[in-house]
Amino acid sequence: MIDIKLIRENPKKYHDGAIAKNLGVDIDKLLAVDKKLLAGKKQLQQIATEKNAIGKSIPKLSAEEKPEALAKLADLKSKEAASNEEVNALQPQYDDLMGKVPQPASPDVPYGEDDTENVKLRKWGTIREFDFTPKDHVELGLDLDIIDIERGVKLAGTRNYFLKGDGAMLHWAVLRFSMDFMIERGYTPMAVPLLMRDEAMRGTGYFPGSEEQTYQMERDGLNLVGTAEVPVTAYHSGELLKEDMLPIKSVAMSTCFRREAGAAGKDTRGLYRIHQFDKVEQVIIAKNSEEASIEYHKEILANSEGVMQAIGLPYQVVNVCTGDLGRGQVQKFDIEAWMPSRDSYGETHSASRFYDFQARRMNLRYKNSEKKNVFCHTLNNTVIASPRILIPILELNQNEDGSITIPQVLRKYLGGKELITKK
RNA sequence: GGAGAGGUGACCGAGUGGCUUAAGGUAACGGUUUGCUAAACCGUCGUAGUGAUACAAUCGCUACCGGGGGUUCGAAUCCCCCCCUCUCCGCCA
């Protein structure tokens with residue numbers, strides 16, 4: 001949600017911002033509705049003032065004066081009803097339009113249509129050259145009996161899988177390593193509910209817009225989250241925080257559910273695009289400050305790069321272009337890990353900053369030093385998402401005999417094991 | 001699933017038709033006292049919208065006691081619908 005005052009002051013910025021993001025919103029119409037709505041509300045206010053004045057005088061009036069006053073009131077009431085009807089008709093239009101106005105991207109964001117126009121910022125690590133023909137993670141997993149996609153599909157449909165033995169252990173190892181990594185950096189670990197009310201989905205900006213991507217429990221009016229960002233960011237929604245509580249840095253591990261509607265036929269092989277995965281997510285709730293937001297954005301990106309470097313996965317960081325940004329995001333940096341089987345970098349992390357877009361929607365505020373109530377800023381980033389991250393881990397660490405060398409930092413989570421071999 | 005209770009300001013909690021923005025308390029802020037801390041005492045302390053003035057200070061108006069509607073000259077207070085929370089019983093990881 002954007003502050004209507006800012007839109008009134010600078011409609012062009014929001015109009016152009018929406019176009020850059022490929023998200024159509026009729027700003028002119030919004031302003032027209034806003035103008036009418038405001039006029040209607042002012043009129044209602046004026047009527048109320050008169051009504052209140054007459055109402056207050058009633059007990060003091062004489063018997064002769066009373067009927068006149070009551071007649072006046074009746075007249076005002078009918079006027080009020082008419083204005084009210086107008087306002088009630090306009091309000092939903094206004095709310096609908098307002099809910100769709102995107103947060104304009106930062107000037108640092110490259111202009112572009114879609115993910116093909118994202119701009120590479122930097123690369124880390126060297127891409128391994130194989131002196132044998134490498135297998136992809138599906139083959140490796142099958143041969144080692146640590147990934148079973150066939151039975152996942154048999155029991156749960158396409159894009160489902162089982163992890164077994166060291167596969168399951170490796171999956172948990174990256175998650176636990178990531179949790180430990182973040183906790184050491186001062187982030188508060190959270191275990192969170194995964195079924196969220198619509199309100200939380202709206203507050204974080206997923207609704208309206210991503211209903212198709214969400215598993216909805218219609219009978220209960222709840223939604224399976226696609227990321228722990230939802231419960232963690234909305235944790236303090238509707239609250240007035242104290243300034244000295246900020247920033248609140250949290251890290252949560254959760255299962256994530258995505259319908260992948262509209263992705264039919266895309267990334268169908270292996271563990272890349274699946275309906276259910278586990279993710280460690282970092283969230284920062286911060287003061288309302290652009291500079292601070294930018295700083296924290298760097299911090300959460302650095303955290304994730306730190307994890308990638310510790311595991312030893314080559315990656316690149318991209319500055320996501322306008323057309324590939326979500327409605328609320330000011331700027332987004334993706335980390336993409338090198339995946340031999342795709343012969344390219346594949347997205348594994350996504351670091352976003354929102355300014356007060358989410359906070360406004362969920363009424364998340366704090367009292368600042370001037371005793372004013374202001375909306376917080378929110379940010380989030382993946383720390384690690386598995387099993388997608390197992391793709392580069394397995395493929396890059398495979399040996400000619402089909403075994404996998406476990407990255408050093410993960411070994412302690414597999415009882416010190418160094419190698420995954422065929423049983 | 002059965003039965004009951006309840007949703008009031010940052011928080012707790014009074015308030016059952018009119019001078020109620022809402023008692024009292026906590027927290028916060030300013031001050032007095034004090035060697036320091038604490039305590040005590042005094043004072044300040046709602047949000048949003050809108051208007052006047054210069055976008056500041058300030059002043060005025062309006063709305064807001066879960067949400068929506070109704071009764072009434074007038075509603076936190078009465079009526080209806082919805083949402084949410086809690087308690088007890090049952091079932092159960």
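Letters A, B, ... mirror the listed sequences (proteins, then strands); counts begin at 1.
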* **Watson-Crick or G-U counterpart of B:rU50, or none if no pair lies under 3.5 Å** => B:rG60
* Structure fact -> Rounded to whole Å, CD of A:E80 lies from C1' of B:rA63 at a distance of 12 Å
* **Between A:S341 and A:E395: side-chain donor-acceptor atoms closer than 3.5 Å** => yes
* Summarise how protein sits on nucleotides 44-53 of chain B as a single string, 5' to 3': B when a protein heavy atom is under 4.0 Å from the base, S for sugar-phosphate-only contact, - for no contact. => ---S-BSS--
* Which whole-number value in Å describes the distance from A:N363 CG to B:rG67 C1'? -> 15 Å
* What is the distance from CG of A:L44 to C1' of B:rC61, rounded to the nearest Å? -> 14 Å
* Structure fact -> By nearest-heavy-atom nucleotide on RNA chain B, the more 5' of A:T49 and A:L70 is A:T49
* Asked: Given that both distances must come in under 3.5 Å, which nucleotide forms a Watson-Crick or G-U wobble pair with B:rU37?
  -> none
* C1' atom, B:rA27 versus B:rC45: distance in rounded Å? -> 11 Å
* Partner nucleotide, any strand, of B:rG30 [Watson-Crick/G-U, under 3.5 Å] -> B:rC42
* To do: Let me know the distance between CE of A:M245 and P of B:rA10, rounded to the nearest Å.
  => 15 Å
* **Rounded distance in Å between the C1' positions of B:rU16 and B:rA75** => 10 Å
* Considering only atom C1', compute the distance from B:rU21 to B:rA48 and round it to an integer number of Å. => 14 Å
* To do: Would you indicate, yes or no, if B:rU62 has its OP1 or OP2 atom less than 4.0 angstrom from a side-chain nitrogen or oxygen of A:N52?
  => yes
* Scan every strand shown for a Watson-Crick or G-U wobble partner of B:rG17, both distances under 3.5 Å, and answer none if you come up empty. => none
* Is there a donor in the side chain of A:H275 and an acceptor in the side chain of A:Y215, or the other way round, less than 3.5 Å apart? -> yes
* **Closest nucleotide among B:rA27, B:rC84, B:rU62 to the A:K242 side chain** => B:rA27
* Whole-Å distance between B:rC29 P and A:E243 CD? -> 12 Å
* **A:T405 and A:N397: CA distance, side-chain angles, deciding distance, side-chain hydrogen bond (donor to acceptor under 3.5 Å, both in side chains) verdict** => CA-CA 5 Å; A:T405 304; A:N397 293 294; over 6 Å; no
* Structure fact -> Any strand, both distances under 3.5 Å, Watson-Crick or G-U wobble: B:rU85 pairs with B:rA5
* Nearest-Å distance once atom P is located in both B:rU50 and B:rC11 -> 25 Å
* **Spacing of A:N88 atom CG relative to B:rG68 atom C1', expressed in whole Å** => 10 Å
* Structure fact -> Under a 3.5 Å limit on both distances, the Watson-Crick or wobble mate of B:rG90 is none
* Pairwise P distance, B:rU72 and B:rC79 [rounded to whole Å] -> 16 Å
* **Contact check, side chains of A:Q282 and A:S304, non-hydrogen atoms, under 4.5 Å** => yes
* To do: Answer yes when A:K287 and A:E243 have at least one side-chain N-carboxylate O distance shorter than 4.0 Å, and no when they do not.
  => yes
* With both distances kept under 3.5 Å, what pairs with B:rA22, Watson-Crick or G-U wobble? -> none
* Pick one: which of A:H297, A:Q103, A:R353 meets side-chain hydrogen bond (donor to acceptor under 3.5 Å, both in side chains) with A:Q331? -> A:R353
* Using the ring of A:F357 (Phe, Tyr or Trp, six-membered ring only), decide whether A:R327 places NZ or CZ under 6.0 Å from its centre and within 45 degrees of its axis. => no
* **Euclidean distance, atom NZ of residue A:K51 to atom C1' of B:rG74 [Å, nearest integer]** => 9 Å
* Test item: side-chain donor near acceptor, A:Q213 and A:R258, under 3.5 Å -> no
* Return the value, rounded to whole Å, for the distance between atom CG of A:L76 and atom C1' of B:rU62. => 15 Å
* **Separation of the P atoms in B:rC65 and B:rC55, to the nearest angstrom** => 31 Å
* How far, in whole Å, is B:rC59 from B:rG66 if one measures between their P atoms? -> 29 Å
* **Same-atom distance (P) from B:rC80 to B:rG9, integer angstrom** => 24 Å
* Structure fact -> By the Watson-Crick or G-U definition, both distances under 3.5 Å, B:rA75 is matched with none
* Give a yes-or-no answer on whether the side chains of A:Y366 and A:N288 include a donor-acceptor pair shorter than 3.5 Å. => no
